[in-house]
Chemist: 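Following this message is one structure expressed as structure tokens.
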Amino acid sequence: MHGRVKVKTTAQQEEEKRKEREKKLKIYVAARDACFSKRKEGVCDDEALQLTQQLLSSNPDFATLWNYRREILMHLETVKDPDEMQKIYEAELSFLEACLKVNPKSYGSWHHRGWVSARLPRPDWARELSLCDRCLSLDDRNFHCWDYRRMVVKVSGVPVDQELEFSDRLIGSNFSNYSSWHYRSTLLPVLHPQTRQEPPHASSPRGPQSHRVCEEQLLKEYELVQNAFFTDPNDQSAWFYYRWLLGRAEREETISCVYVSREDERVAVAFSRPINARCVGLLLVLDGQPLRVEWRSVHPRFRHSPVLICDLPPGTINDVTNEHNLTVHWTGNHTHRDCALYTGRVESWCRDTATDQELFRSELSVEKTSVLQSELQSVKQLQELEPLNKWCLLTIILLMRALDPLGYEKETLAHFQTLKEVDSMRSEYYSDLCCKFMIENTILKMEYAEVRVFSITDRNLTSLCHLDQLLLVTHINLSSNRLQRLPPQFAMLQCLEVLEADNNFLENLEGVYHLPRLQEVSLKNNKISTLTDLQPLASCPELKRLDLRGNPVTQAASVESDLAELLPSVTDLLL
Amino acid sequence: MAAEDLPSEFDVVILGTGLAESVVAAACSRVGQRVLHLDRRSYYAANWASFTFNALLTWIQEQQEGPQPEQGKDWSSLLNDGEELIHLSNPDLDSITNIQVVSYASEEDEEVPDTAKEETSANSQLEVESAGSREEKSAEEESAEAEGTNTKGEETEVDQSHPGASSGPSEPTRKKISYAQLVKEGRRFNIDLVSKLLFSRGSLVDLLIRSNVSRYTEFKNVTRILTYRHGNLQQVPCSRADVFASRQLSVVEKRKLMRFLTSCIEETEMDHAYSSQPYSKYLQDQQLGENLQHFLLHSIAMVTEDTPTEAGLASTRHFLRSLGRYGNSPFLFPVYGLGEIPQCFCRMSAVFGGIYCLRHSVSCLIVDRDANRCKAVIDSRGQRISCSHFVVEDGYLGSRSSVTTPTRLLSRAILITDSSVLPGDSEQQVSMVTIPPGEVCQSAVKMVELCSSTMTCMPGTYLVHLTCQSVGSAFEDLSQLVTKMFQTPESQEPGGRPTVLWSLYFNMADGSVPGVEGQGLPSNVHVCSGPEGSLDHEHSIKQAELIFQRILPEEEFCPPAPNPEDIIYDGESPTPSAEEDSGKEAGQQEESGGDLNPQLDE
């Protein structure tokens, strides 16, 4: 048709573009080669600066060139006066701004900017802050910019309250922002520290800064974050922040239990966290005399372990008529625990019970039950509206555990069931978490009953945890669960005499390792198929009775004689 | 371009530069049609136009004086055998009625304490006349004043920053803006005759992007949606960030609202269950509180109580789909006013060879009696110009349309105020306000408040547009609402409301009234209606596309315009034809000439 504007065809356009690209590449390669040869010769002149600038402005992710540039600038510092350097560095900053436009997430550019800002004779931090704000307004989750901004704030001493307002602003415009929420969690303890002064505890040397926030501010934060998760309950960032808000209690580092066995002439110590036997300064004092002993973890697989054991020199405490006083010093931590072994006693211990410490609640705060109770109410309200929201369910479970783990046990289990259904991709994670909580509950019940028997049967257990809490347990019953292994941590059950684990899927007994008092083991209907699987049992010197009925291993031809050879102490073998 | 130069043959002649006509012009030129685009008026965009304050005063005067009588000439000498004439009329005859101007600003610069307001109210009725007389002078002085604007502008900006910074309408002794200042700063205003917004995913935005016409304009996001309820203005939380930040909603309400908004994007079986029931009933049954129902019905769907559920859901979805594309609200407003949009399409047409003449009309159509087709037109200077299609704004058909269909009207009010109806963190807010029917007025009122950064009003002022379906005259319909929401001498109780400096009321014909199609007009005459009352532009864009498809059924409607570097100019092209050259020259000339859009050349 006539009168139509003639337009180049796509082939024409592409040909032009291709030529253009070729030309650019040629220039680029030539400049690159020139740069490399200059650097090789150690030339630090303006031309090199020019060349690297030319290259970096089209490709800001060329780390070698940034390095070369820094070499040149450092050289210039030696020959120019500060005023000249100020100018050069200012030009560098504007150049970097151009590079950031090419790629706002370039590691090289941001790192170089940090480097230049730090060397600038008279830095203009306000300008840097406004640059960051501009970047974040374009992409509020650009973590390079967040990093750089934190550096600028730190160096230029921006008041913390201003920074909190900044975080308010960013969250207001889009609350799906992990960086903003996280930033709050670093600002609040500084701006609104918890006022309640804890009595200085000799055994709890804290870091210089407590991570707790005062109650009043916490309530405001609860409100803010609730607004976020009610608005969008599927947004994880708010839930994660909420977990942080609730979970502000910190565990003290202590020796939680000292156990001494006269017969075995052995001491076992449980700590509040896994420690390394070699690196940590432990001192054993027996009746006022320091004793040279060798501490070791309960299983060779662990260097770090929450339970350490040591054997006393033979003959030190084996006379029943003697009374002994034992002290374990954790020198690195200025903490210690005493334990008295009275006349006529074969063993003795001294410890904090799990109930004393409210051990398992510590993941969430126990500051004020009423606050947690009202939080539980509001999250339950959300759950009524969104019965299938996993974050909501999980938070309810955590709150219930913080409030009353035993009282809410039934509800907790029901919620876990729902969770596994609505979020089937993570059903194994929920199973493990559920196991953990059930084991915690069982430990609590055991503590309340003041017994040394731990029994958790028919509960679909898939994994074991908190085994350090079972140091004193003599009888354990894990029957009718879904366990596949007794992990190395199981070796922390140093007092164990009877192990029942019938009707599981056990094929690995690694953790039944050097248990000095173990006498009876019942493993009916499991998946033990080879003699090698039973190898660990050989390390338990007192083992008398072993029930292996219903295991594949019993089908082997010479199983009886092989077992007699492997486990000579066993007198009562059921196959 | 002088009339003598007009070629005597075109493919399409378009009369009227309203939105639909301009889109048709751009679409036709774009695919190589020779387009002649005329408007009898001295300005572009017909009833879609934007005026400076002074130009608006001129326009008011023209409307009040009525049209100049046309000399009925005898064109029969230009007719051939088998041809007859259809006479066209003046478009402004009856599209604008009931103009009423009320000015409250004091005459001169002075410190006006609040008590002195009674005085100004006394002479407010007189203003109607005085506005007209003064305006003559100001029109003459316009250019002189424009030169002075820069220096004087600075001075006034300093003044304005004072009330702005303190943002207190309650401050007793701040400097009032006088009428003289409004006139002096008149060129900072771009006052639209129609008040509309663009949905971010509406057909106009799509068209602007698809056709690359968007390169000629700039937009601002409407920053907030407000609603008037129980005599109070409330912000409507519609985006995720709004809902999060809202202080009026409880957390449970937040959840319910978000859930409704996210779920209603998709159609469900439930919707069909309500197909025969009103949307308000549907909302009630969603267990949404009264607050939320109000927001959803009046501010988000912008429908009435008895709108059927399907329509209500459709508008809700339209709103939601537009949300977040360019910002926190679904609406865009063109910087320098809505009158920019038709002009952008005209510019596109000119770039592709369209020829433009203002103050130039068509007197008659020459119709082939047998074929019932328009063969040519006779322009207002008596030249016969042949064409294959004729596109015309319905106003030019005047009596032909209004005789048969009862005219529906829109009531419009335009206010210049001194502060925002809801002062917020920032002064520069563009607010869309919905006032449900029955709250103050009988019909639902849509109000758009523009701040000075939209380049439609001088710093320190706000431009407020009110629109509703007419019941009585514009003044009868809207003045009560103005008195309630703003501070005027008629306002009963004093309060921290914005003061009205100047106001204009008028009625405009509602373009959504079924047009004059098929009323004995030749089949190649296509009628475009004027602006209608809805907030969006769907009607005109759809109309333009239909007309284009009738003219050129085989062609694509507004394909992307090529980038300037991809266009092959003379010399580059191996065999350019003569027609191509002439067309292109005209286009280039128009573009560089810059007389297309005098308002842009500030």
Side-chain angles (χ1 to χ4, degrees), chain A residues 1-17 20 137-138 140 165 168-177 180-181 220 222-235 237-238 241-242 374-375 377-389 391-392, chain B residues 11 28-35 237 239-247 249-259 261-262 287 327-328 351-354 425 552 554-555 559-570 572-584 586-587:
Chain A
M1 198 180 284
H2 58 243
R4 223 165 255 226
V5 170
K6 281 254 164 78
V7 175
K8 290 172 190 164
T9 61
T10 23
Q12 266 174 310
Q13 285 177 32
E14 259 167 26
E15 179 60 19
E16 270 176 35
K17 272 185 198 151
E20 193 72 16
S137 72
L138 296 171
D140 52 17
E165 277 169 31
D168 282 341
R169 205 166 65 234
L170 281 178
I171 288 172
S173 68
N174 177 12
F175 61 81
S176 303
N177 192 329
S180 294
W181 290 115
K220 284 189 201 158
Y222 286 144
E223 198 188 322
L224 181 75
V225 75
Q226 273 183 21
N227 271 318
F229 63 64
F230 268 86
T231 303
D232 186 356
N234 291 316
D235 184 82
S237 60
Y241 182 62
Y242 190 56
S374 83
E375 290 306 303
Q377 288 316 318
S378 21
V379 183
K380 272 183 162 173
Q381 209 174 16
L382 178 60
Q383 197 238 339
E384 274 169 36
L385 295 165
E386 300 289 327
L388 301 181
N389 183 281
W391 298 105
C392 192
Chain B
D11 296 313
C28 290
S29 305
R30 174 69 187 85
V31 296
Q33 295 283 296
R34 293 165 302 171
V35 171
S239 69
R240 192 163 165 270
D242 285 351
V243 174
F244 169 65
S246 168
R247 295 196 179 278
L249 300 180
S250 72
V251 283
V252 173
E253 280 182 308
K254 288 182 182 196
R255 182 79 293 271
K256 284 182 171 171
L257 179 60
M258 283 302 289
R259 198 162 54 161
L261 294 179
T262 40
Q287 279 153 14
N328 248 349
V351 167
F352 285 90
D425 309 336
L552 298 160
E554 307 289 306
E555 291 287 342
N563 291 320
E565 65 265 25
D566 291 335
I567 296 175
I568 303 170
Y569 294 107
D570 302 345
E572 260 185 277
S573 162
T575 52
S577 73
E579 282 137 314
E580 273 169 351
D581 284 346
S582 68
K584 231 153 30 202

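Letters A, B, ... are given to chains in the order of the sequence lines, protein chains preceding strands, and every chain is numbered from 1.
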Chemist: So for atom CD, which belongs to A:Gln377, do other residues, nucleotides or ligands contribute more than 12 heavy atoms lying within a distance under 6.0 Å?
Modeler: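 Yes, enclosed.
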Chemist: Aromatic rings B:Phe244 and A:Trp181: how do their planes relate, parallel, tilted or perpendicular, breaks at 30° and 60°?
Modeler: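 Judged by the thresholds at 30° and 60°, the geometry between B:Phe244 and A:Trp181 is perpendicular.
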Chemist: Name the region of A:Leu224, side chain, backbone, both or neither, that has any atom closer than 4.5 Å to a heavy atom of chain B.
Modeler: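 A:Leu224 touches chain B through backbone and side-chain heavy atoms alike.
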Chemist: Test of understanding: with side chain to side chain contact (heavy atoms under 4.5 Å, CB included), list the residues that count as partners of A:Asp168, not counting sequence neighbours.
Modeler: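 Expected list: A:Arg184.
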Chemist: Under 4.5 Å, counting heavy-atom pairs only, tell me which of B:Glu253, B:Lys256, B:Met258 racks up the most with chain A.
Modeler: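 Maximum pair count with chain A is reached by B:Met258.
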Chemist: So which residue, A:Gln381, A:Gln226, A:Glu384, A:Gln13, ends up with the most heavy-atom pairs under 4.5 Å with chain B?
Modeler: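 Of the options given, most contacts go to A:Gln13.
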Chemist: Check A:Gly172 against B:Ala241 and note the closest heavy-atom contact, atom names and distance.
Modeler: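 It is O-CB, 3.6 Å.
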Chemist: Can you name the side chain to side chain contact (heavy atoms under 4.5 Å, CB included) partners of A:Asn174, sequence neighbours left out?
Modeler: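 Applying side chain to side chain contact (heavy atoms under 4.5 Å, CB included) to A:Asn174 gives A:Asp140, A:Ser176, B:Arg240.
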Chemist: Would you give the length of the straight line joining atom NZ of B:Lys254 to atom CG of A:Leu382, rounded to the nearest 0.5 angstrom?
Modeler: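 Between B:Lys254 NZ and A:Leu382 CG, I get 13.0 Å after rounding to 0.5 Å.
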Chemist: Kindly check if the number of other-residue, nucleotide or ligand heavy atoms within 6.0 Å of CD (A:Gln12) is above 12?
Modeler: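 Enclosed.
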Chemist: Could you tell me which non-hydrogen atom of B:Arg255 sits nearest to which non-hydrogen atom of A:Leu385, and how far apart they are?
Modeler: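 Heavy atoms of B:Arg255 and A:Leu385 come nearest at CG-CD1, 3.6 Å.
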